[in-house]
Trainee: 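Submitted below is the structure of interest, expressed as structure tokens.
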Protein chains: 2
Amino acid sequence: MVTLKDLATTLGVSVSTVSKALKDSPEISEETIKRVKNIAKELNYRPNTLALSLKNRKTMTIGVLIPDILNKFFSKILYGLELEAQKSGYQIITCLTNESLEREKKALDLLSNGSVDGFILSCARETQTENSIDHFKNIIDQGTPIVMFDRVANDVDCDKVIMDDYKAAYQATKKLISEGRENIVLFDRLEGLSVGKLRILGYRKAIEQSTEYQSQPKIHSTTDDQGSTTEYLTKMLKDDPSIDGLLCIDNIAGVKAVGAAQRLGKNIPQDLSVIGFASDDIYDLCYPKLTTVAQRASQIGQQSVKMLIDRIENNNEVKHSTTATVNFGLDLRGTTL
Amino acid sequence: MVTLKDLATTLGVSVSTVSKALKDSPEISEETIKRVKNIAKELNYRPNTLALSLKNRKTMTIGVLIPDILNKFFSKILYGLELEAQKSGYQIITCLTNESLEREKKALDLLSNGSVDGFILSCARETQTENSIDHFKNIIDQGTPIVMFDRVANDVDCDKVIMDDYKAAYQATKKLISEGRENIVLFDRLEGLSVGKLRILGYRKAIEQSTEYQSQPKIHSTTDDQGSTTEYLTKMLKDDPSIDGLLCIDNIAGVKAVGAAQRLGKNIPQDLSVIGFASDDIYDLCYPKLTTVAQRASQIGQQSVKMLIDRIENNNEVKHSTTATVNFGLDLRGTTL
DNA sequence: ATGAAAGCGCTAACAA
DNA sequence: TTGTTAGCGCTTTCAT
């Protein structure tokens, strides 16, 4: 590693002269600047980030905690985060918490000693079920800002980025109603996450509020334990052949539903409209392609970074915490009319 | 941030005493050690990693370059990397190169100044097509070890972890032959990546070597530009109805092929056996579930970390570079007999 | 048993 | 215009 000192000694000047010269300081003569820069390039000098961070008390690094990187939703977020961070010259250091509260605590612990200027995170499942929040509060009290996205802890006072799951389900359901569907089922495979409940509420609301739609809300659900989703869907469609609208509020059930319906001889979308919630790009794994309600995952990432950097760089102004809402988009494809 | 100095002044001892006490140095009296540790806990002292790294010239951090985080294969790798790194007390700092050579260079540049003890990376597509390797060599010459996985640069002398794509395709093809299939097609959607070529070789070899199988190797391929994969597959199966075996060497074509065949009225797997290469967990998005050749992604991650840490911690012993091979697994499901 | 001092690589106030 | 010095937080050698 080439250091300032190395440059200084080979040039026979002082370290501070070199330091200033590299920053084009007006204090230094044109000529010296040139000499310094030349030798710096020649020896491939690169400033030591660690030393800079130590000096400046600023790391230009964001700690990111991801509950489950195998979930495409989160990898998309990570993608958005990285993109936006890079724009502003920030690095990202990623920790995977694997849905574990303990890992979450450890990760926070490990990085909250000057390694990082702030955190962007989504709570581990365990953190949500146990409603554990002290570890977050500690960090914030220490003066390190946190931005939470998607799975947020309501009782922690920090900036947040969430999605409007309620509205998304509401609009998807309205789309089905507007097609003139008369037996619209909601299919659920989520496991007690707060977002699932909001989606159900949105579905209910759309149906109850509609004057044209006559039936009651009808909700089917299954978990992984109860055998294959495909089998469940097949049985459901067979038992109730009048189902003509289907809103699947999890990732992949939509694709499976299309396949199951087609094997039962149904025409999609003439006989049955299907809309899925998707963070995975799985919409073209059936034919026709699946109409989805899509989370704008990369947008969430971008928004989070913006909010965090704003905090980091203007931490003097004491602002109230804000919560940003990112809307879903209804991407119409072939499984709806 | 609480520092050693803070502890020292509140206790009225010197900084070095505190430092030693926290490490249970025998130089320090039992009593002082206790006092120091108590106050440290009380004030929630956490050693500053930056300062330590600067001092020790060791960061306990691994730089990871990922070409495409939206590709499940790579997120799985990342998962495996994190898991293994955590075991050894290492942090991971992730950079997404987005298949761009320039970003790859920048990332390497940014971190190769003491921020990181070594790199684990898979080459960006652009890096492979342009066969650009100088940036890697520079890093290695500087003394920072690199481990490459999957998409490796052959001309760079460093540890590597690769998968036996050749063998995997060979075995998958043999499976189809052993079923008595007589018209086995390989379908390719990869874009000039080295792995694709190996898979093709494996397919060829299995076919040419077989005594029972009579036909010639038949390779179909398409790129994203040429319109939808589904349409291509549909046309292919229609044009040549005698195809009874299909090896798809990319991620999702397998699922699409099953759907396309079924819509053409074919029975899977009676009329047509399909095997896909998969890193995505998409095998159950068709029915019956797709038989796949699966990359042991997390194993690759683990292996890479082990090799890198070995380099980092025993860099004195000059060892020759080694290349580890991770095998695929053939996961038989419903789309084969 | 404890402390002073130097140094990791860098910056910036101050001195020359 | 250039150099000296102190300091970011920590460790470690060498006094005391």
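A note on names: the letters A, B, ... follow the listed sequences, proteins ahead of strands, and every chain is numbered from 1.
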Trainee: Mapping R57(B) and G12(B) onto DNA chain C by nearest heavy atom, which one lands closer to the 5' end?
Mentor: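 The residue whose closest nucleotide sits nearer the 5' end is G12(B).
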
Trainee: Applying a 4.0 Å non-hydrogen cut-off, can you work out what T32(B) is touching in the nucleic acid: base, sugar-phosphate, or nothing?
Mentor: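 Answer is sugar-phosphate: T32(B) comes under 4.0 Å of backbone atoms only.
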
Trainee: For I28(A) and dG3(D), what is the distance between atoms CD1 and C1' respectively, to the nearest whole Å?
Mentor: 9 Å

Trainee: Write down the distance between CG (L54(B)) and P (dA6(C)), rounded to a whole number of angstrom.
Mentor: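 Atom CG in L54(B) sits about 18 Å away from atom P in dA6(C).
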
Trainee: Would you mind reporting whether V18(A) and L22(A) have side-chain heavy atoms less than 4.5 Å apart?
Mentor: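 Counting from C-beta outward, L22(A) and V18(A) do come under 4.5 Å.
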
Trainee: Going by atom type alone, with no hydrogens or angles, which donor-acceptor pairs under 3.5 Å involve a side-chain atom of residues 64-89 of chain B and a protein atom two or more places apart or on another chain?
Mentor:
residue	atom	partner	partner atom	Å
D68(B)	OD1	L70(B)	N	3.0
N71(B)	OD1	F73(B)	N	2.8
K72(B)	NZ	L70(A)	O	2.6
S75(B)	OG	N71(B)	O	3.4
S75(B)	OG	K72(B)	O	3.2
K76(B)	NZ	S279(B)	O	3.2
K76(B)	NZ	D281(B)	OD1	3.3
E82(B)	OE1	Q86(B)	NE2	3.4
E84(B)	OE1	K87(B)	NZ	3.4
Q86(B)	OE1	R103(A)	NE	3.2
Q86(B)	OE1	R103(A)	NH1	3.0
Q86(B)	OE1	R103(A)	NH2	2.3
S88(B)	OG	E84(B)	O	3.4

Trainee: Could you check whether E99(B) pairs with R151(B) (Lys NZ or Arg NE/NH1/NH2 to Asp/Glu carboxylate O, under 4.0 Å)?
Mentor: yes

Trainee: Which nucleotide, dG9(C), dG3(D), dT2(C), lies nearest any side-chain atom of T17(A)?
Mentor: dG3(D)

Trainee: Do the side chains of I312(B) and P145(B) get nearer than 4.5 Å, heavy atoms only?
Mentor: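 In contact.
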
Trainee: Mind calculating the distance between CD (E31(B)) and C1' (dA1(C)) to the nearest angstrom?
Mentor: 12 Å

Trainee: Hey, what are the protein-to-nucleotides 10-13 of chain D N/O distances that come in under 3.5 Å?
Mentor:
residue	atom	partner	partner atom	Å
dC10(D)	OP1	Y45(B)	OH	2.6
dC10(D)	OP1	N48(B)	N	3.1
dC10(D)	OP2	L4(B)	N	2.6
dT11(D)	OP1	K23(B)	NZ	2.7
dT11(D)	OP2	S19(B)	OG	2.9
dT11(D)	O2	K55(B)	NZ	3.2
dT13(D)	O4	K20(B)	NZ	3.4

Trainee: Report the end-to-end axis angle of the helix from dA1(C)-dT16(D) to dA16(C)-dT1(D); each axis comes from five terminal pairs, and the value is rounded to 10°.
Mentor: 60°

Trainee: To the nearest angstrom, how far is I33(A) atom CD1 from dT1(D) atom P?
Mentor: 9 Å

Trainee: Do T94(A) and I93(B) make a side-chain contact, defined as non-hydrogen atoms from C-beta onward lying under 4.5 Å apart?
Mentor: no

Trainee: Could you tell me the separation between the CD atom of E30(A) and the C1' atom of dT2(D), rounded to a whole number of Å?
Mentor: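 In whole Å, dT2(D) C1' lies 16 Å from E30(A) CD.
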
Trainee: Counting neighbours of NZ on K5(B) that are heavy atoms of other residues, nucleotides or ligands and sit closer than 6.0 Å, is the number greater than 12?
Mentor: no

Trainee: Ion pair present between E30(B) and K34(B), side-chain N to carboxylate O less than 4.0 angstrom?
Mentor: no

Trainee: Please step through side chain to side chain contact (heavy atoms under 4.5 Å, CB included) for the pair M148(B) and F119(B), ending with a clear verdict.
Mentor: CA-CA 8 Å; M148(B) 295 188 180; F119(B) 288 98; over 6 Å; no

Trainee: Thinking salt bridges, do K37(A) and D24(A) make one under a 4.0 Å N-O criterion?
Mentor: yes

